[in-house]
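Worksheet: the structure to be examined is printed underneath.
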Amino acid sequence: MQKTVVGYRKAMTGHKAVAEAMRQIEPDVVAVYPITPQSEIAEYYAEYVHNGVVRTELVPVESEHSAMSACVGAAAAGARVMTATASQGLALMVEVVYIAAGLRLPIVMALANRSLSAPINIHCDHSDAYLARDSGAIQIFAESAQEAYDYMIIAQKLAEDKRVRLPVLVNLDGFTLTHTLQVVELLPDEAVKGFVGEFEPIHPLLDVDNPSTWGAFAMPDYYFELKRAQQAGMEAAPEAFLEVQKAFSELSGRAYRGFFEAYRLEDAERAIVVMGSTAGTAKVVVDELRERGEKVGLLKVWLWRPFVREELVKLLGHLEAVAVLDRALSFGNMGALFLDVTSAFVHEDKRPVFVNYIYGLGGRDVTTDQIKRVYEELKGARPSHELRYLGLRE
Amino acid sequence: MPAVKPKSKPRPEVLPGVRHPMEKYLRTDRLPHIWCSGCGLGIALSSFLYAIEELGIDPNKVAVVSGIGCSGRFAGYVKMDSYHTTHGRAIPFAVGLKLANPDLNVVVFSGDGDLFAIGGNHFIHAARRNADITVLCVNNFNYGMTGGQLGPTTPPEARTTTSPYGNFEHPFNLVYLAASAGATYVARWTTLHARRLKESIKEALQHPGFNFIEIISPCPTNFGRRNRLRDALDEMRYYADKAVIQHGVDPAGAEVVPGKEFIVGKFVDVRKPTYLELYRKKTEELAARFG
């Protein structure tokens, strides 16, 4: 793909890649509270602030609840706002994430995915992202540090799109992506600044000539309509996402196309659907099995909320069997991603056989052997309501 | 599916055959601990264990509750009933525990960030109610576990990972906060004052109501080395040089300012009805009125 700017490549952690995207976007306010495995994003950003590299107001608040509250206040005032958290931090924050979405505030957050207590654990799974599934925030998943960097920039423009105006969570797997060194190609600062442009707030509180009230009561008379309007913002997000993604791809030369990455899917018979860094592991397996002549593919979810069913049906409709891998339990039902994927096919006559696997909870390593086994088990798979577990001792 | 084997940890033996006398109160299978060399948490823990030993308290009647951070590990290391709460919630958990089983001696062992930032609200309200718990706060002036960020007790001009050119926020004076919120026993020691700290913990464990002890502790890895106290010994020397032992001082003036002398000792030791006493009194009153 041709690109319009020349980037520069550097080895860095996922933390640093996210912090660099934030530095280039240069929001007006960042409010953040330390939590593993997010803390280094805040540390890098504090360095930029204190070194005068950015003009951001950094608020080292006393909890995540305060972090998101400060973000909401600043965003309502008319500022461009970013934050970052993980796991219990998001759990504490989530009351206010719903409010950010309800107030249509385009706050962008990096979420270093980490499992939720109890028992306490600091390693990766997607239970924190699943917790905020219905919060009204857009959710994007990154496979690599590069994607985390790119999607932070895409997220900013998407969140601020006037058709959308919603908070966006950019998920990157804790430790697997946040703490490991990878080569990341950064865009020049001015290219990112030009891409995200100036933030134009709607009815900002600091517009003192046009006073407005935020967060006021809406009783049975108006609440329902306001929530419907919020859903309209979500419904507008896919189109805006594609536009922003396309513009970013043209700028960077990195080919991001669509809500899902289809990897060797066209003629595939069996496929895995997965989110986050495990897609990288699965691609290695796909390549290996393809060399042996097996028709296997992979579908990686970039945009999880909103979940674009139509495109999913187009991409998976021709397959014989599909394994959906959830990195969190939705206690009492099949995995949340599995439900998303299968419900997309509810009106389709022709559909693959779907199987659900729960994997990698609490940072349990996912190996290529395990993924190979999934492809193997997909051969001749029959429809079932069984929830399978990958890499579990039973 | 290939089984994942849990890694077995080798038992450390610093001096062959020599055991710590308080080992009986520890879950030695959890060792080695995660604390850095030079950390003050070990002294704080052993002072607490010696206090239990010397008072002859049945360890089955003690419950240790901790929050999140390096000090959060206390709960996992003591061989007593213990609970490791989410960040900031040690105190409300402990208050509930005490109400459910008033026979227990409930001790909250946590850090400055956990107790005074994310959990600050719980602290003042438990002190206001004079809830029957003992709160031991190991104050290392930063969020040590997450990499040394600025916290609610970080002194002015101290360097942390989120204040690389010095902190400009006002910190809490913990003993003043505790006293003004209503704590009935308030003391401050450092990890240098291990014996006095132990005696103070003994007093607190026997004192009814809300007891608070601030334990100033080195964090060479994340705080000290950024603030000209490169190793724990430097910090201990600093305590020896600057800590002034005085009892009964007005906590309002007892701030800890870097480079200046600071007061350690007992600030408050008073008796007023505890939450449990008031609760029982009210219940009896209502029972008498309504049968």
Side-chain angles (χ1 to χ4, degrees), chain A residues 15 30 32-52 58-67 85-89 91-93 116-122 179 357 359-360 362-367 369-370 373-374 377 388-394, chain B residues 1-7 34 66-70 72-73 75-76 82-90 93 111-123 142-154 158-172 222 226:
Chain A
H15 281 139
V30 168
V32 71
Y33 187 73
I35 184 165
T36 305
Q38 168 284 116
S39 308
E40 281 177 44
I41 298 174
E43 287 179 12
Y44 281 122
Y45 207 75
E47 232 175 78
Y48 303 145
V49 170
H50 291 282
N51 284 336
L58 179 75
V59 199
V61 282
E62 63 280 356
S63 78
E64 286 88 357
H65 196 276
S66 311
T85 192
S87 181
Q88 299 303 120
L92 188 56
M93 205 182 246
L116 289 172
S117 294
I120 185 171
N121 178 301
I122 55 168
H179 285 62
Y357 288 86
Y359 77 102
R364 178 65 53 84
D365 197 20
V366 193
T367 63
D369 282 346
Q370 288 167 358
R373 195 183 168 115
V374 171
E377 287 176 357
R388 300 181 184 182
Y389 298 88
L390 210 52
L392 176 76
R393 281 170 285 151
E394 268 186 307
Chain B
M1 211 69 32
V4 183
K5 281 185 189 163
K7 286 175 204 159
I34 62 148
S66 59
I68 295 290
C70 301
R73 298 296 175 116
S82 63
Y83 193 85
H84 190 175
T85 68
T86 52
H87 205 3
R89 313 307 152 199
F93 183 92
D112 49 303
D114 183 80
L115 288 168
F116 293 98
I118 196 162
N121 204 27
H122 305 310
F123 182 86
N142 76 124
Y143 291 103
M145 179 172 265
T146 48
Q149 295 86 2
L150 160 71
T153 55
T154 306
R159 286 164 193 247
T160 68
T161 50
T162 48
S163 62
Y165 294 100
N167 172 33
F168 58 84
E169 295 187 8
H170 294 293
F172 271 135
N222 272 324
R226 295 190 174 95

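The chains referred to below are lettered A, B, ... by the order of the sequence lines, with proteins before strands, and numbering in each begins at 1.
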Where do B/Tyr143 and A/Pro34 come nearest, in terms of heavy atoms and distance?
CD1-CG, 3.8 Å
Would the number of heavy atoms belonging to other residues, nucleotides or ligands and lying under 6.0 Å from CZ of B/Arg89 be above 12?
yes
Heavy-atom distances under 4.5 Å only: say whether A/Leu92 touches chain B with side chain, backbone, both or neither.
side chain
From CD1 (A/Ile120) to NE2 (B/His87), nearest 0.5 Å
9.5 Å
If one checks every heavy atom of A/Tyr44 against chain B at 4.5 Å, the contacting part turns out to be neither
Side chain, backbone, both or neither: which part of A/Glu43 has an atom under 4.5 Å from a heavy atom of chain B?
both
As an exercise, state the distance from CD1 of B/Ile68 to OG of A/Ser117, rounded to the nearest 0.5 Å.
6.0 Å
So how far is it from A/Ile122 CD1 to B/Thr146 OG1, rounded to the nearest 0.5 Å?
11.0 Å
Going by the rule side-chain contact (heavy atoms from CB on, under 4.5 Å), which residues pair with A/Pro60 if we only count those two or more places apart in sequence or in a different chain?
B/Leu150, B/Glu169
Does anything in residues 160-167 of chain B reach chain A? List residues with heavy atoms under 4.5 Å apart, or say none.
B/Thr161, B/Thr162, B/Ser163, B/Pro164, B/Tyr165
Flag the pair A/Glu64 / B/Ile118 as yes when at least one side-chain heavy-atom distance between them is below 4.5 Å, and no otherwise.
yes
Specify the closest pair of heavy atoms between B/Gly113 and A/Tyr33, including all atoms of both residues, with the distance to one decimal.
O-OH, 4.0 Å
